[in-house]
Colleague: 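Attaching a single structure in C-alpha cells format; questions to follow.
Below, chains carry the letters A, B, ... as their sequence lines are ordered, and counting in each starts from 1.
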2 protein chains.
Amino acid sequence: MSNPTLSNTHRAVRDLRAMIFSGALPAGSDHLETELARKLNMSRTPVREAVLTLESQGLLEMRPRKGVRILPLSPDDMAEIYDILTELESHAAESAASMGYTDQELLDLASAIDAMEEALAQSDLEAWAKADEHFHTELVRLGGNRRIKSIVTMMQDQVRRARMTTLYLRPLPRQSNEDHRLVFTAILNGNAKAARQIHRSHRQQAKTVLVDLLAKLKLRYL
Amino acid sequence: MSNPTLSNTHRAVRDLRAMIFSGALPAGSDHLETELARKLNMSRTPVREAVLTLESQGLLEMRPRKGVRILPLSPDDMAEIYDILTELESHAAESAASMGYTDQELLDLASAIDAMEEALAQSDLEAWAKADEHFHTELVRLGGNRRIKSIVTMMQDQVRRARMTTLYLRPLPRQSNEDHRLVFTAILNGNAKAARQIHRSHRQQAKTVLVDLLAKLKLRYL
DNA sequence: GTATAAAACAATGTATACATAAATAGTCTG
DNA sequence: CAGACTATTTATGTATACATTGTTTTATAC
C-alpha cells in the first residue's frame with residue numbers, strides 16, 4: 001500500500017525485523033537461509049542481503065554453517081545499550097534546548113508526554129511504552145544530529161524485545177513522566193545544561209531499574 | 001596470508017574500504033556494480049554484499065541505477081561525528097577510570113601517548129595521526145563497552161579521509177598531547193569524573209579546530 | 001565398544017542467466 | 001524546431017545452478 005514497488009530485499013528486512021520483534025523468530029534461535037527464504041516466499045539472494053543488513057544492525061548474526069542466529073540480549077548488553085542511549089540522548093536534549101524551538105515545533109514532543117500520562121492513568125502499559133519510545137525518538141530528531149538518530153533507533157531496536165518482556169514486571173513509571181515534563185520545559189526555555197542533566201539522570205535511572213530487575217529475576221538472556 | 005580462506009565478500013569489504021580511504025574511489029564518485037566487480041576480479045554477488053555492508057557503515061550509498069556513490073563529508077557531517085565521538089569517548093574514559101586498571105594494563109595507552117610525542121618531536125604528522133587514532137581506539141577498548149567501540153570505529157572510518165586531508169593544514173597538536181597525558185593520569189588514579197571532563201573538552205576542542213578550519217578554507221565537501 | 005578415517009551429505013559462497021524497470025536515444029508530428 | 005511518444009539500451013534485482021567446504025554419518029579396525 002504505502003510503497004507499491006518495494007524490492008524483495010527491503011521486504012525481507014522489514015518482515016524479518018517484524019518477526020524478530022514479535023517473537024516469531026525467538027532470541028537465540030537458528031534459521032537456515034533456505035528456510036527463511038521459503039517463509040518469505042522468495043529466493044535466498046534477497047534473504048542473504050537482508051540478513052547482512054540486519055547483522056550490521058546488531059539484530060542477528062550469520063554463522064557460516066549453523067544458520068542465522070537471532071541475537072539474545074544479556075544484562076551486560078542492556079547496560080551497554082542504556083549507557084549509549086544516556087550519552088547520545090542527553091546530547092540531543094542539550095542541542096534541542098539550544099535551538100530555540102517554538103512551542104509550535106515542540107507539539108509532537110508535548111503530545112507524546114500527554115499520551116504517556118493518559119496511558120498511565122488508564123494503566124495501559126503498551127500504549128505507555130509506545131508513547132515513551134515516540135518521546136525519545138522525537139527528542140533525538142529535535143537534537144538535529146541524524147547520525148545520533150540512526151544510532152539511537154538501532155539501540156532501541158536491539159532492546160525492544162527485552163523492554164516488552166519486562167514491561168509488566170517493572171514498577172509503574174510515574175517518576176519517568178515527571179522527568180519528561182522537566183526535560184520538555186528545559187528545552188522550551190532554552191536551558192541546555194538543565195535539559196542535558198535531567199535527561200541524563202532520567203536515563204541512568206532507567207538503566208538502574210532495568211538492570212536491577214534482571215538481576216533480581218535472574219534473567220540471563222532475553 | 002593472515003587469513004588463508006577469506007570469502008570474496010570479506011575481501012571485497014576490505015578492499016573497497018582501502019580504496020575509499022586511499023582515494024582510489026574518490027568522495028562523491030559513482031561506480032557501477034559491474035565495474036567494481038571487474039576491478040576486484042569477482043562476480044557481482046559478493047560485491048553487492050560488500051556494498052550493502054559498507055552502506056550500513058555509512059561509507060557509501062547504493063543509488064538504484066546511478067551506481068554506488070562514495071559518500072562525501074560536509075562540515076555538518078564532521079560536526080555530527082565529532083559530537084558523537086565526544087559523548088561516547090568521554091563515557092569510555094569515565095568507565096575506564098572507574099575500573100581500576102593497573103599501569104601494566106594501561107601500557108598500550110601509555111605507549112600511544114609516547115608515540116605521539118615522539119612523532120610530534122620529529123614533525124611526522126602521519127605517524128602522529130596513527131598514534132592518535134590508536135590512543136582513542138585503546139581508550140574506548142578500556143572503557144569496556146563493545147558497542148561503543150564499534151560505533152566509534154565506524155565514526156573514525158567516516159572521518160578518516162577528511163582528517164588526512166586537513167592534517168597538514170592544522171596547527172601542530174601540542175595541546176592535544178597534554179590533554180592525553182591528563183586523561184591517562186586521571187584513568188590511572190581512578191578519577192572518573194576528571195577523566196570524563198578532560199576528554200570531553202579535548203574532543204570539543206578538536207571539533208572546534210576542525211570545523212573552523214573547514215569554514216575558513218571554505219571546504220564544502222571532502 | 002570406541003576410535004579413526006573415509007565418504008556422503010548439507011549449507012553456504014559465488015557465478016551466471018534472466019526479468020524488470022529506468023534512462024536514453026531516436027522518430028514522428030505539429 | 002519543440003515536444004511527445006516509442007524503441008532501445010543498460011543497470012539492477014532476483015532466481016537458479018554449481019562449486020566449496022564443514023559436518024555428520026558410517027564403516028572398519030583395534
Side-chain angles (χ1 to χ4, degrees), chain A residues 1-20 24-72 150, chain B residues 1-20 24-72 150:
Chain A
M1 296 290 183
S2 50
N3 194 336
T5 43
L6 196 59
S7 78
N8 279 357
T9 301
H10 288 297
R11 271 187 34 226
V13 168
R14 191 196 53 191
D15 293 351
L16 289 175
R17 278 171 53 93
M19 288 161 81
I20 292 171
L25 301 177
S29 60
D30 290 326
H31 308 272
L32 300 180
E33 292 176 7
T34 316
E35 199 188 303
L36 294 175
R38 197 177 37 73
K39 268 204 247 255
L40 298 175
N41 205 33
M42 58 183 75
S43 81
R44 276 176 53 221
T45 308
V47 170
R48 269 180 73 85
E49 294 191 348
V51 162
L52 231 21
T53 301
L54 295 174
E55 179 171 48
S56 63
Q57 292 173 8
L59 289 177
L60 50 80
E61 190 185 20
M62 287 180 91
R63 298 192 308 168
R65 325 222 139 228
K66 312 190 139 180
V68 172
R69 179 180 189 73
I70 311 303
L71 286 179
S150 108
Chain B
M1 297 292 182
S2 51
N3 194 338
T5 43
L6 195 59
S7 77
N8 279 356
T9 301
H10 289 297
R11 271 188 34 225
V13 168
R14 191 196 53 189
D15 293 351
L16 288 175
R17 278 171 51 94
M19 290 161 80
I20 292 171
L25 302 177
S29 60
D30 291 326
H31 308 273
L32 300 178
E33 292 176 5
T34 317
E35 199 188 303
L36 294 175
R38 196 177 37 73
K39 269 204 248 253
L40 297 175
N41 205 32
M42 57 183 75
S43 81
R44 277 177 53 222
T45 307
V47 171
R48 269 180 73 85
E49 295 191 348
V51 163
L52 231 20
T53 301
L54 295 174
E55 180 171 47
S56 64
Q57 292 173 8
L59 289 178
L60 49 80
E61 191 186 20
M62 287 180 91
R63 299 192 307 169
R65 322 218 138 234
K66 311 187 139 182
V68 172
R69 179 182 191 73
I70 311 303
L71 286 179
S150 108

Colleague: Measure the distance from NZ on B/K66 to P on C/dA21 and round it to the nearest whole Å.
Modeller: 19 Å
Colleague: Choose from D/dA15, D/dA11, C/dA11 the nucleotide whose nearest atom is closest to any side-chain atom of A/R65.
Modeller: C/dA11
Colleague: What verdict does the side chain to side chain contact (heavy atoms under 4.5 Å, CB included) test give for A/T45 and A/N8, after you've listed the backbone C-alpha separation in whole Å, the side-chain angles of each residue and the deciding distance to 0.1 Å?
Modeller: CA-CA 9 Å; A/T45 308; A/N8 279 357; over 6 Å; no
Colleague: Between A/M42 and B/H31, which is nearer to the 5' end of DNA chain D once each is assigned its nearest nucleotide?
Modeller: B/H31
Colleague: For the side chain of B/L32, starting at C-beta, report the closest nucleotide among C/dA15, D/dT12, C/dG13.
Modeller: D/dT12
Colleague: Starting at NE2 of B/H10 and ending at P of C/dT12, how long is that distance when rounded to a whole Å?
Modeller: 14 Å
Colleague: Would you kindly give the CD-to-P distance between A/E33 and D/dT21, to the nearest whole Å?
Modeller: 17 Å
Colleague: Among pairs that include at least one residue of residues 56-67 of chain A, which meet salt bridge (Lys or Arg N to Asp or Glu O under 4.0 Å), considering only residues two or more places apart or in two chains?
Modeller: A/D30-A/R63
Colleague: Please report the distance, rounded to the nearest Å, between CZ in A/R38 and P in D/dT16.
Modeller: 15 Å
Colleague: For C/dT14 and B/T9 - does any side-chain N or O of the residue sit under 4.0 Å from the phosphate oxygens OP1/OP2?
Modeller: yes
Colleague: Send over the distance from B/L40 CG to C/dA15 P, rounded to a whole Å.
Modeller: 11 Å
Colleague: Just how far, in rounded Å, is C1' of C/dT20 from CG of A/L6?
Modeller: 15 Å
Colleague: Quickly work out the A/E61 CD to C/dT12 C1' distance and round it to whole Å.
Modeller: 16 Å
Colleague: Suppose we call a contact any N or O donor and acceptor under 3.5 Å apart; does that hold for the side chain of B/R44 and the base of D/dG13?
Modeller: yes
Colleague: Kindly indicate, with the supporting measurements, whether the criterion side chain to side chain contact (heavy atoms under 4.5 Å, CB included) is fulfilled by A/K39 and A/E35.
Modeller: CA-CA 6 Å; A/K39 268 204 247 255; A/E35 199 188 303; 4.2 Å; yes
Colleague: Starting at CZ of A/R63 and ending at P of D/dG22, how long is that distance when rounded to a whole Å?
Modeller: 16 Å
Colleague: OP1, OP2 of C/dT14 versus side-chain N and O of B/N8: anything below 4.0 Å?
Modeller: yes
Colleague: Would you say the base of C/dA15 and the side-chain of B/T45 have a donor-acceptor pair closer than 3.5 Å?
Modeller: yes
Colleague: Any heavy-atom pair between the side chains of A/L54 and A/V13 that's under 4.5 Å?
Modeller: yes
Colleague: Take a 6.0 Å sphere around NE2 of A/H31 and say whether it holds more than 12 heavy atoms from other residues, nucleotides or ligands.
Modeller: yes
